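Nothing fancy with the numbering, it's 1 onward along the sequence. Here the structure is a predicted model, which is why all the values come from computation and not from measurement. Every number for a ligand or one of its atoms is a count from 1 in the order of the listing.
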Amino acid sequence: MTSGLRKGLTSYGDAGFSLFLRKAFIKAMGYSDDALERPIVGITNTYSDYNPCHGNVPEIIEAAKRGVMLSGAMPFVFPTISIAESFAHPTSMYLRNLMAMDTEEMIRAQPMDAVIVIGGCDKTLPAQVMAAISADLPTVVIPVGPMVVGHHKGEVLGACTDCRRLWAKYRAGDMDDAEIEAVNGRLAPSVGTCMVMGTASTMACMIEAMGLSLPMSATIPAPHAERFRLAEASGKVAAEMAKTKGPKPSELLTPASFRNAQVVLQAIGGSTNGLIHLTAMAHRSPHRLDLAAFDQIGREVPVLVDLKPSGEHYMEHFHHAGGVPKLLAQLGDLIDLDAKTITGQTLREVAANAEDVPGQDAIRPRDNPIKTEGGLAILHGNLAPRGAVIKQSAASPKLLQHTGRAVVFESVEDMTLRVDDPDLDVNSDDVLVLRNAGPKGAPGMPEAGYLPIPKKLARGGTKDMVRISDARMSGTAFGTIVLHITPESAVGGPLALVKNGDMISLDVARRSIELLVDAAELERRRAALKPADAPEETRRGYAWLFNETIMQADEGCDFDFMQRTGKKTETG
Ligand code: FES
């Protein structure tokens, strides 16, 4: 057998001595020569006490190691950064690229023939796949899996669509302190990722459809025994990949597989974040996403998966209905079923093996979709020259065409201070505008795009308003919310020019978002704009790197120096 231990033996200018030294040190851990002569599968460890979504990572690692060893290879576990959505300051997005760099460099730096990346909480899978694409070593992805659902007073609960819905109810005065406390203990009843079609589930589904993980890997609930059997099976596949040196991400991630991911993103009513992450992943490859082509896919692909926040069910229901393989079968010719997976199977074979579950209603047939169009639409207009996105499947139909008066918040802090002010001049037909919350402005593009309905309006019964920003939104959120306005206001995008009282027109059918102010006046306002000073904290370290090199949302918010250079192909 060939040992992965021989990889990269250049440190001392004498390969023989380098291997001698490497073996001498690793033997301190009790390894035999037999173990060390085998192909090596590296396994990332993203367990952290700060990351409850990754609470089952130790068990997944054990199962994956078992699979690797059963197939005659040697597993080596190594730590990387772990990012948990609700604990990362200023935002998890701020840290995604750091995790991608950490993961890529540790894959490159350490000897291994294949790698298993284990992640799940929103930014972790995209970071790991971005790293895998750049390192281009045979890679198996094991998502940690979604939480099981919670229950409250006979109602099924899920993080975090119901977190937002019930918090809004509490804000509106329709729920008391004791009940919201009880709900707080029931929203996340197990380890695992949010069990609605949030960003974590969206990424896991797209990655499964891109062939980077085993069938059903996106949907098996995190605590189920099946998840650990999947991890063992993934370990076996990784061992074979280590022996045969393939397939590498560059062999699997073709324009067809990127297009398949976009079809799945639309069909699951997936998170708007999924679009940014997929764009970033493409930028690490020779391929590029085209927003117009993505929007066109959305016009042709219906939403078939009935999950919150676009529909009714939760990830475990999707799983028991047949998961991604069943969805691929239902999508049929909308997907390129010849695309390959890590096992060598095509998606056609994966779809053919999908379980038929009589009576299930979580995955709809194409002639009875949840929505006739895909979940996400791309908007353009004088407010968003390079585009903006709306999750139309989770919006209020009556607001999809709406004109209203702008109520402007200068920043997330300003919004937090003033949105509930009883004297705020706002009514339910207005358009709430948040700026300086983009990739550079905030920084890290917080998930602040789901602006809360001002308390006085919520108490009056307002459930939704048109809200627009250069921020992101949690995939678990719902409402008529325009996000990722590009270019962002902090780099001089037109959002910076909006004034209180301006009229803003949204027309999703026409894919337009317009500021109804004449061009000459906008030019006057632009001339009066003063560039903001870079904050003190951006003068050194990671904050400096981020501030200097972060790209806009339509480019995936990666660092400009991390994208792959050279010839590019469109994937739409
Ligand atoms: Fe980790 Fe939702 S908070 S996936």
Side-chain angles (χ1 to χ4, degrees), residues 44-58 60 80-96 99 117-129 141-150 157-167 183-208 213 217-224 227 265 268-274 276-277 307-310 313-316 318-319 391 394 444-450 472-478:
T44 64
N45 183 0
T46 56
Y47 178 81
S48 161
D49 283 349
Y50 287 106
N51 195 344
C53 303
H54 289 202
N56 62 352
V57 164
I60 290 179
T80 70
I81 296 171
S82 188
I83 308 170
E85 202 54 32
S86 43
F87 286 90
H89 177 79
T91 73
S92 59
M93 189 67 170
Y94 180 74
L95 298 170
R96 184 201 64 182
M99 182 175 182
V117 294
I118 303 170
C121 193
D122 292 16
K123 309 303 174 289
T124 58
L125 285 181
Q128 290 172 322
V129 173
V141 179
I142 308 180
V144 297
M147 297 179 218
V148 293
V149 297
L157 291 189
C160 237
T161 303
D162 296 312
C163 313
R164 293 169 208 288
R165 181 175 62 81
L166 296 172
W167 184 253
V183 163
N184 189 258
R186 292 170 179 173
L187 281 162
S190 76
V191 297
T193 50
C194 293
M195 62 290 228
V196 296
M197 192 51 78
T199 306
S201 302
T202 299
M203 294 312 302
C205 290
M206 286 199 291
I207 286 165
E208 186 177 328
S213 56
S217 62
T219 54
I220 302 168
H224 282 196
R227 167 110 350 238
L265 175 56
I268 59 180
S271 164
T272 45
N273 285 314
I276 294 184
H277 298 319
L307 249 64
K308 291 195 178 215
S310 299
H313 295 296
Y314 296 85
M315 283 299 280
E316 66 187 78
F318 183 23
H319 178 64
K391 189 189 251 189
M445 214 180 174
E447 292 189 337
Y450 176 81
R472 294 177 300 116
M473 170 175 92
S474 164
T476 62
F478 53 90

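- Every atom of ligand 1 with a heavy atom of Cys53 under 4.0 Å away is listed here by number and element: 1 (Fe), 3 (S), 4 (S).
- Heavy atoms of Cys194 found under 4.0 angstrom from ligand 1 belong to the backbone as well as the side chain.
- Side chains of Ser92 and Asp122: a donor-acceptor N/O pair is absent below 3.5 angstrom, by distance only.
- When the options Thr193, Thr272, Asn273 are evaluated for a side-chain hydrogen bond (donor to acceptor under 3.5 Å, both in side chains) with Thr199, the one that passes is Asn273.
- The contact set between ligand 1 and Asp122, taken as ligand atoms under 4.0 Å from a residue heavy atom, comprises 2 (Fe), 4 (S).
- Arg165 has its side chain within reach of Leu157: a pair of non-hydrogen atoms, C-beta onward, lies under 4.5 Å apart.
- Contact check for Ile60 versus Arg227: side-chain heavy atoms found under the 4.5 Å cut-off.
- Which parts of ligand 1 touch Ala200 is read off a 4.0 Å heavy-atom cut-off, strictly below it: atoms 4 (S).
- Close approach to Thr193 involves these atoms of ligand 1, each under 4.0 Å from a residue heavy atom: 4 (S).
- A 4.5 Å side-chain heavy-atom check between Glu316 and Met147 finds every atom pair outside the cut-off.
- Under a 4.0 Å criterion applied to the non-hydrogen atoms of Glu85, ligand 1 contributes the atoms 3 (S).
- Within the 4.5 Å cutoff, no side-chain heavy atoms of Leu307 are placed close to those of Val196.
- Counting the atoms of ligand 1 from 1 in the order shown, those under 4.0 Å from a heavy atom of Cys121 are 1 (Fe), 3 (S), 4 (S).
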